[in-house]
Structure formats: C-alpha cells, structure tokens
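Here is the structure we will look at, set down as structure tokens.
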Amino acid sequence: KRDIPPSLYEVPLRADGDDKVTAKWLGTIESLPRPSRQDVEFAPKTKDWHWQPVGMDISQDNRAAVILTYRAVYYYLRRPDQTWFEALNNKPIRIGLGNFKNAEAVAFADDRRTVMVTGENKHSLLLRIDLDLPVKEQYPTGVTIMSFNVQNLFDNVDDPGKDDKAYLPLAAKQNADHTEACNEIEVDSWRDECLYLDWSDAALDHKLDVLAATIQQVNGGQGADIVALQEVDNVAVLERLRKEHLDGLGYRPASLVEGAYTRGIDVAFLSKLPLEGEPQLHPLSIKEFPDRRGDTRGVLQADFRLPDGSVLTGFSVHFPAPYHPTPMRVAAYEHLAALRGALPDDYHAFAAGDFNTTSSEDAREDMLARYARPYWTVAHDLGCGDCQGTYYYGRDGTWSFLDMILFSPARGEKATAQIRADSVAISNGNPAQVSPDGTPQRYRSAERTGVSDHWPIVATIEMTGKQ
C-alpha cells in the first residue's frame, strides 16, 4: 500500500505442501488517486495517508471488487472477458467515507451491492454502504490506445516496387547495382545508410525486442488494447513482432493494407479486440499536388467490436512530412474529418498516429483549432499537462506533438464516451528510449541503441453504454 502507485500481486489460494510461496507481481493500479508531493511530505506530521489502500474484497459471484482507502471506497465491475488486473485499472465508482475515521477493513455482505467497512481498533464502528448501483443497466468499459511511430520497421528482404534498399543485410549490398542506386541519393546520411547499414537478422531482432519492451510499458506489462503504428514495412514484419516478441499478450493478427508510398512504410494496427469487417485503406489524393502522390500515405480504417457489441472505429494516420507545404496537411485533416463524418451515428471513432504538425506550424497556422478540435477531442488537451511533446527538433530546440490521439464519440444516445484525462501520457519509461539529453533516442542499428525518434502517446477511452 505504500507504493505510489500501489502494486497488485497474486498468490495461489492453496499452496502445495509446505513449500514457500512467492507472490507474483501483476503491475500497478493506476485507477486510484495519487497523492500530491505536499500530501506525501506532510503525512508523517498530519497522520493523514488518505490515498493508501488498506483493504480489498471480491464479491461472491466474482464480478465486483472494492478497494478501501482511508478516505473512500472504490467499487469496480469486471467484465467476463477481463482479468482482475484489467478490471482494477478501469475507472471505479468512488464512495466517500465522510467523517468515518481509521477505516482499515472492507468486505461485501450477501451481494455485490452491499459493502461493510470497519476499523482495526477495539469497539470500532461498523459502516454499511448500500450502493444500489444499476449494474444491470450499465456496462462500463475502457479501451487503451497507443500511437507509436516505430521509425523504419523494415524486414530485411528486398520487396519489388519499394525503395527499401537501405534495409538489407550488408552482404546483400555488395554489388555494383546497389552501389550505383545508393550513390544517386543526395542526402549524405541517407546515402551512407543505403551503402553501409547492416540490417542483419540480429539487428532486426533487436529492433523488434526494444519495440516490444516499449509497447509493454502500459497496462502493467500487458500493452495497450489497440496500438496504432506508423512506418511499418509490411504485415510480415509486424506479425513477427506480434508472434515472437508480444506472444501471450492477446494481440490478434495485425491489420495492414499496402499503400502507394514510395518508401513502402505503411500505417497499421495491433489490437486485442476483434475486427468488424476487413480493414480499409483510404488513399490521400491531393489534386493541388499531383506530383507528390508518392509522398502521401493513406488512412487505415479498422472497425473494432467492443464487448458490449458496439463498434469503435480506428484511423491510423501518417500525414505528409513537415517539409511538404502546409496545404498538404490541411488536406489530410479534411480527408480524416470526411471519413469520420461518413461513419454510422452509433460508431465511436478515434484517430491516432503521426500528424506531422509541428508546434511552430500550429502556432503560425492554428492547425489544431481549425482542423482538429472542431471534430475531435485532442487527448493531450485533456491530460499530460507536463508533457513537452513526442518529438524533438534538435536544430531549433523545439518540442512538438507530432503524434496525437483524437477521439469522437458516437453521435447517438445509446452510449456516452470520453477520454479519461488522467490516462493521457507519454510512454517513455524504457531507458532505451531516452537520449542523454532527455530527448527521444532514435534507433541506431550498429550501436544497438535507441528505439525510435518518436515517443508513443497513450490514452484510455471510457464508455458506458446501455444494455
């Protein structure tokens, strides 16, 4: 209980013989309120550790749980498809204890709507809480989204029609045709990468390993429910990530539809939720810039079926790079808004990815206010108040939220949905992600360092739909 945030462990109900039993750490419980720095500093003097969990119980039908702190009872409902760790990281219902002091014990009575609270001292009072919750009418659920630009996740096989010649084993580059093609590249660093990068099996395996470690930062090591990815070569390399490095986490076969981008890096999804129909790629065609069609990536749409039967549509995006004219990104925002507008009214929708909108461009052109916020809730507007951004431009020392998560709830009356403000965060807890100066550490194959030049952003969408 003294951990901040508190940790959850499990032990077998019955041990085999007299063998020593070791508790298994499941992860941290992020749904309970955290103390402020001032709370922690003054607690020894005030004797007020109001945030600490002191008791817990699970109902007889295994569907509800309560966690007791010194100040409140937190009530959780578990869906049949959830583990208790997942359920306890959903948003609970809070029941304050008022003037009841020194609460130390909590238990369900004869059903999951009545809770008893008491203390540990002699003659402690007994508090009965009748929740009277409409548990049969409401079905709470939360879906955690991660947006992750994985920086050039190529396999090491030359795909016809793709400009992937830099990402081959060094042994495959020792021929005149390859050298000649590389020498046509004007940018020095790109030309050197094409000539000298050894994208061997060992290098690719290491890249997949650090990506997996980064994805597993959320949900107590289980990964986000849905990961929207950018800069992925093909579905085969993504399936290798899923099967070999994220095995056992519940991710279903990857969603990726090959696009027309000349470099061959696409947008994709990994999801634990089942698909409703086949994913669709919506090409971005900008008539004002017909010569740049090969520099644009389409929007990948995937419709996910939620446990209550409703649909959450995801759009994985990678907008034109900042060196392209601003009107190209404006067209991409408008394209995305049109796709959202074409969905059925009862579909929730999110868009996640690399929007390539720098902080300077947003300040100059008011991009988010004009093209995002009228149609979407921007996750980092709600939370992540101390976050500087997901990408750092060293040449001018500026941070940008190139990577964003946007959400638009269903337009009907069957459900309410929102981004949980305290869930919005930058996932940069993997030391390999952070350079010595505290910025994203791009992946460097030769040194086996870094992960990506982007940091992922995560957010949880909470929905309560009527059954």
Side-chain angles (χ1 to χ4, degrees), residues 146-173 178 190 193-194 197-217 223-224 226-272 275 278-281 297-300 302 314 316-318 352-354 403 427 430 432-433 441-456:
M146 171 183 278
S147 177
F148 192 6
N149 182 321
V150 292
Q151 188 205 328
N152 295 328
L153 179 54
F154 284 90
D155 65 14
N156 55 8
V157 178
D158 190 10
D159 292 337
K162 287 187 178 182
D163 185 10
D164 58 356
K165 57 183 177 289
Y167 288 85
L168 299 172
L170 195 58
K173 298 181 176 183
H178 182 86
W190 295 355
E193 182 180 65
C194 181
L197 172 66
D198 185 12
W199 198 239
S200 62
D201 288 340
L204 175 55
D205 192 64
H206 182 264
K207 170 76 171 183
L208 293 170
D209 195 49
V210 295
L211 291 178
T214 301
I215 290 171
Q216 289 178 269
Q217 289 180 84
I226 302 173
V227 185
L229 304 108
Q230 301 79 48
E231 298 200 10
V232 180
D233 182 15
N234 53 44
V235 73
V237 74
L238 195 51
E239 280 293 275
R240 182 172 169 184
L241 173 65
R242 180 181 75 90
K243 293 179 179 179
E244 299 178 18
H245 298 264
L246 297 172
D247 185 44
L249 299 186
Y251 286 109
R252 297 167 181 268
S255 298
L256 184 150
V257 179
E258 295 278 355
Y261 185 56
T262 52
R263 285 197 62 220
I265 48 176
D266 295 300
V267 290
F269 281 112
L270 281 176
S271 173
K272 300 180 182 184
L275 286 170
E278 292 297 317
Q280 304 175 65
L281 186 68
R297 289 152 289 232
V299 174
L300 180 65
S316 185
V317 308
H318 195 173
D354 183 353
D403 310 271
S427 289
N430 178 1
Q433 292 178 265
Q441 179 72 287
R442 69 179 292 112
Y443 186 72
R444 301 184 187 280
S445 172
E447 296 85 359
R448 300 290 195 269
T449 58
V451 177
S452 170
D453 51 359
H454 292 245
W455 282 340

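H454 places none of its side-chain heavy atoms less than 4.5 Å from the side chain of Q151. The shortest side-chain heavy-atom distance between S255 and L275 falls under the 4.5 Å cut-off. Inter-residue side-chain proximity for D266 and V257 is flagged as unmet; no heavy-atom pair is nearer than 4.5 Å.
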Side-chain atoms of residues 152-161: list all donor-acceptor pairs with protein atoms under 3.5 Å, sequence neighbours left out, distances to 0.1 Å.
unit_1 : atom_1 : unit_2 : atom_2 : d
N152   : OD1    : R263   : NH1    : 3.4
N152   : OD1    : R263   : NH2    : 2.9
N152   : ND2    : Y167   : OH     : 3.0
D155   : OD1    : V157   : N      : 3.2
D155   : OD2    : N234   : ND2    : 2.9
N156   : ND2    : W199   : O      : 3.3
N156   : ND2    : D201   : OD1    : 2.8
D159   : OD2    : N234   : ND2    : 3.2

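Contact check on R444 versus E447 returns no salt bridge, with no Lys/Arg side-chain nitrogen under 4.0 Å from an Asp/Glu carboxylate oxygen. K173 has no carboxylate O lying under 4.0 Å from a charged side-chain N of D198, or vice versa, which leaves the two without a salt bridge. Ion pairing between K165 and D163 holds under the 4.0 Å rule for side-chain N and carboxylate O. The pair D233-K162 counts as a salt bridge, with a side-chain nitrogen and a carboxylate oxygen less than 4.0 angstrom apart.
Contact record, K272 with G223: NZ-O, 3.5 Å, taken as the closest heavy-atom pair. Closest non-hydrogen pair, A268 versus L300, comes out as CA-CD2, 3.6 Å. Scanning both residues, F269 and G314, for their nearest heavy atoms gives CZ-C, 3.5 Å. Closest approach of V210 and G450 over heavy atoms only: CG2-O, 3.8 Å.
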Stepwise side chain to side chain donor-acceptor pair (under 3.5 Å) test for D205 and H245
CA-CA 9 Å; D205 192 64; H245 298 264; 3.2 Å; yes
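In this structure T214 satisfies the side chain to side chain contact (heavy atoms under 4.5 Å, CB included) test together with F148, Q217, N430, Q433, V451, P456, sequence neighbours excluded.
Here the OG-NZ distance, from S452 to K207, works out to 5.5 Å after rounding to the nearest 0.5 Å.
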